[in-house]
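A short write-up of the structure that comes next.
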Amino acid sequence: MIELRGLSRHFQVGDQVVRALQDINLAIPDGDYLALMGPSGSGKSTLLHILGCLDRPTTGRYVLDGREVGSLPEDELAEVRSRKIGFVFQFFHLIPRLTAAENVELPMVLAGIPPAERRERVAKALRAVGLTDRAAHRPDQLSGGQRQRVAIARATVMGPSILLADEPTGNLDRASGHEIIELIERMNREGLTLVVVTHDPEIGGRARRILKLVDGRISSDGKAA
């Protein structure tokens, strides 16, 4: 369960204060499927970064599974990110010199998971995204859709309860994008909480719930039409 209470995020830019988020109150139950929408500069990415513990609120509270995480020390915040949250981005962020399997394995290496368990988890994660036969391929040997599948496998290999996706189809052709959305929706049906930032009304309309932001404030929050 995610709860944001009176949350704001301000940035100092020169002598100006940019109010990226203002007085956000939001609850995201376990297993929800939420689309974050709004014009450029509305605060979508800032909100996603706070949900992912990549940034901290200026004021207000972020409570994750009953624990206040917005003010945790950095080492504890990193542990929350590692164990509870997976990230998928528009541009994949795969390491070019590593194979698909090695890219998926990387979070577990950083978490100190033993090699035998890493191999087992990598095989399972690649199987889940349909890329068992591409395990030894580097990113430049994969299509855009396959690269995003590797990124999803890497994002979920630690068994997170939340998947945050920032424009996950923005760098893909329509057919590949449709496959990626169906893949993460399947994971949502299996219990993963899914939050997707998108400009695409068709993708937003697939979510069970749409949160619209305007000028850093929630303008609407309701069921997808």
Side-chain angles (χ1 to χ4, degrees), residues 1-11 19-38 42-90 107 111 151-152 154-168 180-181 183-199 203-224:
M1 178 76 172
I2 291 171
E3 295 178 89
L4 307 182
R5 303 171 183 169
L7 186 143
S8 297
R9 182 66 172 103
H10 303 159
F11 299 94
R19 303 181 186 280
L21 294 173
Q22 301 185 67
D23 196 28
I24 301 293
N25 292 286
L26 177 65
I28 305 175
D30 293 341
D32 204 359
Y33 177 8
L34 175 69
L36 287 179
M37 303 189 72
S42 61
K44 301 185 303 296
S45 291
T46 300
L47 179 55
L48 199 75
H49 289 169
I50 289 176
L51 292 174
C53 299
L54 296 172
D55 193 12
R56 299 174 185 271
T58 304
T59 60
R61 302 184 68 205
Y62 175 14
V63 180
L64 177 60
D65 294 336
R67 182 186 187 190
E68 164 61 49
V69 298
S71 57
L72 286 178
E74 184 54 42
D75 58 338
E76 294 184 39
L77 206 59
E79 180 71 12
V80 171
R81 284 195 300 267
S82 173
R83 301 293 177 179
K84 289 184 175 288
I85 304 167
F87 302 90
V88 178
F89 301 100
Q90 179 176 350
I152 291 168
R154 180 185 58 189
T156 56
V157 74
M158 291 288 290
S161 57
I162 301 164
L163 182 65
L164 305 178
D166 194 354
E167 299 283 1
I180 291 302
I181 287 296
L183 173 60
I184 60 177
E185 285 178 345
R186 187 191 77 208
M187 293 178 171
N188 171 251
R189 290 192 296 272
E190 293 170 353
L192 193 67
T193 301
L194 179 59
V195 180
V196 178
V197 167
T198 182
H199 285 97
I203 292 175
R206 297 174 67 110
R208 285 193 294 276
R209 179 180 173 196
I210 297 177
L211 185 81
K212 292 185 178 178
L213 294 175
V214 176
D215 295 331
R217 296 183 182 274
I218 295 174
S219 65
S220 66
D221 178 4
K223 296 285 187 180

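Because the structure is a prediction, the values reported are computed rather than measured.
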Test L4 against every option in I218, L64, L51 by the side-chain contact (heavy atoms from CB on, under 4.5 Å) rule and name the one that passes.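 It is L51; the other options fail the test.
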Can a salt bridge be assigned to the pair [X] and [Y] using a cut-off of 4.0 Å between side-chain N and carboxylate O?
X: R209; Y: D221; answer: yes
X: R5; Y: E3; answer: yes
X: E76; Y: R67; answer: yes
X: R56; Y: E74; answer: yes

Short side-chain to backbone donor-acceptor contact, [X] and [Y], under 3.5 Å:
X: S8; Y: D23; value: yes
X: T193; Y: G31; value: yes
X: S219; Y: K212; value: yes
X: D166; Y: S45; value: no
X: E167; Y: H199; value: yes
X: T156; Y: I152; value: yes

Rounded to the nearest 0.5 Å, what separation is found between the [atom1] atom of [X] and the [atom2] atom of [Y]?
X: L194; Y: M187; atom1: CG; atom2: CE; result: 10.0 Å
X: L213; Y: L21; atom1: CG; atom2: CG; result: 7.0 Å
X: I184; Y: L163; atom1: CD1; atom2: CG; result: 6.0 Å
X: L36; Y: L164; atom1: CG; atom2: CG; result: 9.0 Å
X: R9; Y: T59; atom1: CZ; atom2: OG1; result: 10.0 Å
X: S161; Y: I2; atom1: OG; atom2: CD1; result: 7.5 Å

Do the non-hydrogen side-chain atoms of [X] and [Y] ever get within less than 4.5 Å of each other?
X: I210; Y: L34; answer: no
X: T198; Y: M37; answer: yes
X: D65; Y: D30; answer: yes
X: I28; Y: M1; answer: no
X: C53; Y: R81; answer: yes
X: P160; Y: R83; answer: no
X: F11; Y: T46; answer: yes
X: V80; Y: L72; answer: yes

Assess the residue pair E185 and Y33 against the criterion (side-chain hydrogen bond (donor to acceptor under 3.5 Å, both in side chains)); give the C-alpha distance rounded to whole Å, side-chain angles, the decisive distance to 0.1 Å, and a yes or no. CA-CA 8 Å; E185 285 178 345; Y33 177 8; 2.8 Å; yes
Can you name the closest pair of heavy atoms from [X] and [Y] and give their distance?
X: P168; Y: V88; answer: CB-CG1, 4.2 Å
X: M158; Y: P107; answer: CG-CB, 4.1 Å
X: S71; Y: E68; answer: N-OE2, 3.4 Å

Take L47 and V197 through the side chain to side chain contact (heavy atoms under 4.5 Å, CB included) test and state the conclusion after the steps. CA-CA 10 Å; L47 179 55; V197 167; over 6 Å; no
Test log, rule side chain to side chain contact (heavy atoms under 4.5 Å, CB included), inputs L192 and I162: CA-CA 6 Å; L192 193 67; I162 301 164; 5.8 Å; no
